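So the structure is just underneath, and the comments pick up after that.
Predicted model, so just to flag it, every value in this text is computed and none were measured. Each ligand, and each atom within it, is numbered from 1 in the order the structure gives.
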Amino acid sequence: MNFQLKEGMLLGAATAATQIEGGAANNNWYNWYRHGYIKDGSDPSAAVDHYGKWEEDLALMKEMGLQCYRMGLEWSRVEPQDGVFDEKAIARYRREIQAIQDAGIPVLLTLHHFSNPLWLEERGGFAQHDNITYFLRYVRKMVESLGDLVSEYITINEPNVYAFNGYMEGAWPPGRKSFLDMARVMTNMAAAHIEAYGLIRKTRLQMGYPNTRVGVANHLRVFAPKDPQNPLQRFWAERVEELFQGSLTRAMCTGRAVFPIGKHPSIVPGRFCDFHGVNYYTRSTVSGPADGVASNCPVNDLGWEIYPEGITQVCQKLYKLLPRPIYITENGACDNSDYFRARYIAEHLQALCASPLPIERYYHWCFCDNWEWTEGVSARFGLVHVNHETGARTVKRSGEFYRRLIAEGGVSEALYEEYCAVPYDKNGEGRA
Ligand code: BGC
């Protein structure tokens, strides 16, 4: 393998506040932990103490030569009670963002990433249409407070995953199992995004900043029929894709509401994203109304298929829906021993760089090992290793590879040989 990065493309890493910061115990996820739903029992209010160690983490970002950084805000920290904003917490985020930007690393800021303050969760979170006003109040306050520093925003991270896992599958808070609830949450989140899109741009404009970019971090998978010759399986692959991601993405980008997205006064035809955020991890194989993993394919340590070609397939569909610049807002793998991560990165980037689409950013998930929702700290996605006993950080071999790749502007044969020439299925593991 041998390729050059796209001209002007920036390479960085992503994180989410609840997954790295620690110190926040006033949200739906801490509550979920208290009820014993985290597989390894690890506590999100510890996470990996980025809140205490952010300067050390920033030093590592600089050392690795990251060119951009996606980070999130912890809503429950800045608005611990309904309508009561914690100015100290906001000032602390200002300091961190300022320091990152001063290091020449532009920040892409996520406003909502799966975590709700408890007071909002208790009122029904995004399942209640009226709660959208609380989200908008928070968004306005954050943009008024940070808008002079930050010009690029993600309103909501993976609304389909949030809605599906929490309201249909019941594995995430609040643990519901209802298709109608899931559809309601998707609809309200689409409406919340559309409203926030206008609000962020307007607020920044009033502050004297005309150049703002707002988007969504869409979780997109490739859905493939198990047997491509089977018309029923092809039908189900299309249906599952539409229900899980297609109609929601369309509603958020263009304001078209098609089942399961319901009617809502804010969902009206228009253009509601300045870039497409793509979180891409895997392909799902479909033989009926549910999805699964194909047999005999390479998988990561959580059993998700590794399918690098898919990353451009999902980008292509989005671009066809609405031609906008593309940011890969997440891409990565649970690889606990950091065995194949460098190869994974190289193969996904190679696919992206061979595509004629305007792919402007690549944010690897994750900058460091993190608290991985119901998996706890047992699933490692980081470029930087975190010792969960001591909190010590060490750049992994894949992180070292990423540094070299950024510095060299691509992957040479020699670089590939040095870091990536390994099978995915070490010792016969890692294969479905
Ligand atoms: C989420 C992240 C998560 C990652 C890996 C994405 O669905 O946005 O929060 O850690 O996948 O599971």
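- Ranking protein heavy atoms by distance to atom 2 (C) of ligand 1, first place goes to E330 OE1, 3.5 Å.
- Taking every non-hydrogen atom of F381 and a distance limit under 4.0 Å, the qualifying atoms of ligand 1 come out as 5 (C), 12 (O).
- Between F114 and W373, the distance from one ring center to the other falls under 6.0 angstrom.
- Counting the atoms of ligand 1 from 1 in the order shown, those under 4.0 Å from a heavy atom of H113 are 1 (C), 2 (C), 8 (O), 9 (O).
- There is no side-chain donor-acceptor pair under 3.5 Å between E121 and N27.
- Taken from CE in M64 to CZ in R403, the straight-line distance is 9.0 Å, to the nearest 0.5 Å.
- For D291 and S284, the side-chain atoms include at least one donor-acceptor pair closer than 3.5 Å.
- Closest to atom 4 (C) of ligand 1, if we only count protein heavy atoms, is Y281 OH, 3.3 Å.
- When heavy-atom distances to ligand 1 are checked against a 4.0 Å cut-off, Y280 has no atom that comes that close, whether in backbone or side chain.
- Counting only N and O atoms by type, the side chains of E152 and Y327 include a donor and acceptor under 3.5 Å apart.
- Distances from ligand 1 to the non-hydrogen atoms of W304 include at least one value under 4.0 Å.
- From the protein, the heavy atom lying nearest to atom 9 (O) of ligand 1 is Q19 OE1, 2.7 Å.
- Annotation: atom 10 (O) of ligand 1 to nearest protein heavy atom, E372 OE1, 2.7 Å.
- Remark: R92 is positioned above the aromatic ring of Y51, its terminal NZ or CZ atom under 6.0 angstrom from the ring centre and at most 45 degrees off the axis.
- Per-residue contacts place E158 under 4.0 angstrom from the following atoms of ligand 1 (heavy atoms of the residue considered): 1 (C), 6 (C), 7 (O), 8 (O).
- F223 has its ring centre no less than 6.0 Å from the ring centre of W236.
- Counting heavy atoms under 4.0 Å from ligand 1, residue N157 touches it through the side chain alone.
- Considering backbone and side-chain N/O atoms, N370 never comes within less than 3.5 Å of an N/O atom of ligand 1.
- Aromatic rings of H364 and F381 (six-membered ring for Trp) have centroids beyond the 6.0 Å cut-off, not under it.
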